[in-house]
Structure formats: structure tokens, C-alpha cells
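Working notes for the structure below.
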Amino acid sequence: LQNADEVRDIAVSVAADYGLAEVTPFLEQRVSDRNLRPEARALALSALSRLQPEKAVAVATTLLEASQIQLRITALQTIASLQPAAAIAP
């Protein structure tokens with residue numbers, strides 16, 4: 001591992017893999033933290049979608065206009081996987 005960011009990214013993935021819903025507030029905070037790398041925010045959104053799908057869709061909807069392309073793509077993927085009909089809105 002290269003740095004603390006990598007450790008946090010791995011922790012986010014592991015928490016989602018093990019279904020640790022207690023980390024949901026931490027994930028929401030990471031997704032909304034504009035100072036984080038877009039990759040870290042996208043990873044947190046993906047993890048949130050596995051733990052709290054309803055919250056993930058709500059958060060993802062707010063990110064569809066994000067300036068970072070990776071974040072927008074992850075937001076759309078999240079919505080498409082959890083609410084397909086909403087992903088093809090007119």
C-alpha cells in the first residue's frame with residue numbers, strides 16, 4: 001500500500017463486501033467530500049449502493065451534474081443498476 005488514501009479505499013471496499021451498514025454515514029461523507037479524489041468518491045458511492053441502495057440512488061442523483069466524469073459515470077451506473085427506469089428518464 002502506498003498511502004493512507006489507498007488504505008481508506010480498501011477499507012471502504014471491505015466494509016461493503018462484509019455488509020457493514022455502520023459505515024454508511026462515513027460513505028455518505030466521502031461521496032460528498034469534494035476534496036477527495038473522484039475515484040475515492042466513486043468507490044464510496046459504489047460501496048454505499050451495496051449497503052443502502054435507497055440512499056445511494058438519492059446521492060447518485062445529485063452527482064449526475066458533477067464536474068468529474070468518473071463520478072458522473074458511477075452515479076449513472078448506480079441509478080441504472082438500482083432503478084433502471086429512472087436511468088432512462090426523458
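Residue numbers start at 1 and run along the sequence shown. As a basis for the values below, the full set of heavy atoms in this structure was taken, side chains included, without hydrogen atoms, waters or symmetry mates.
For Ser32, the side-chain contact (heavy atoms from CB on, under 4.5 Å) test picks out no residue, with sequence neighbours left out. Here Ser49 pairs with Ala56, Thr78, Leu82 under the side-chain contact (heavy atoms from CB on, under 4.5 Å) rule; sequence neighbours left out. Scanning for salt bridge (Lys or Arg N to Asp or Glu O under 4.0 Å) contacts around Arg30 gives Asp9, with sequence neighbours left out. Listed by chain and residue number, Ile73, Thr74 satisfy the side-chain contact (heavy atoms from CB on, under 4.5 Å) test with Gln77 (two or more places apart in sequence, or in another chain). For Asp33, there are no side chain to side chain donor-acceptor pair (under 3.5 Å) partners, not counting sequence neighbours.
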Could you list the donor-acceptor pairs under 3.5 angstrom formed between side-chain atoms of residues 15-26 and any protein atom two or more places apart in sequence or on another chain?
unit_1 : atom_1 : unit_2 : atom_2 : d
Asp17  : OD1    : Arg50  : NH1    : 2.6
Thr24  : OG1    : Ala21  : O      : 2.7

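Remark: Gln70 CD to Arg41 CZ distance equals 11.0 Å, nearest 0.5 Å. Taking CD1 from Ile79 and CG from Leu63, the interatomic distance works out to 8.5 Å, rounded to the nearest 0.5 Å.
Looking at heavy atoms from C-beta onward, Asp5 lies in side-chain contact with Arg37 at the 4.5 angstrom threshold.
When every heavy atom of Pro38 is checked against every heavy atom of Leu71, the shortest pair comes out as O-CD1, 4.2 Å. The two residues Leu27 and Ala44 have their closest heavy-atom pair at O-CB, 3.9 Å. Nearest heavy-atom pair, Ile69 versus Arg72, reported as atom, atom and distance to 0.1 Å: CD1-NH2, 3.0 Å.
A continuous path of ILVMFWY side-chain contacts below 4.5 Å connects Leu45 to Leu51, so both sit in one hydrophobic cluster.
Under the salt bridge (charged side-chain N to carboxylate O under 4.0 Å, His left out) criterion, the residue pairs touching residues 51-67 are Glu28-Lys55, with sequence neighbours excluded.
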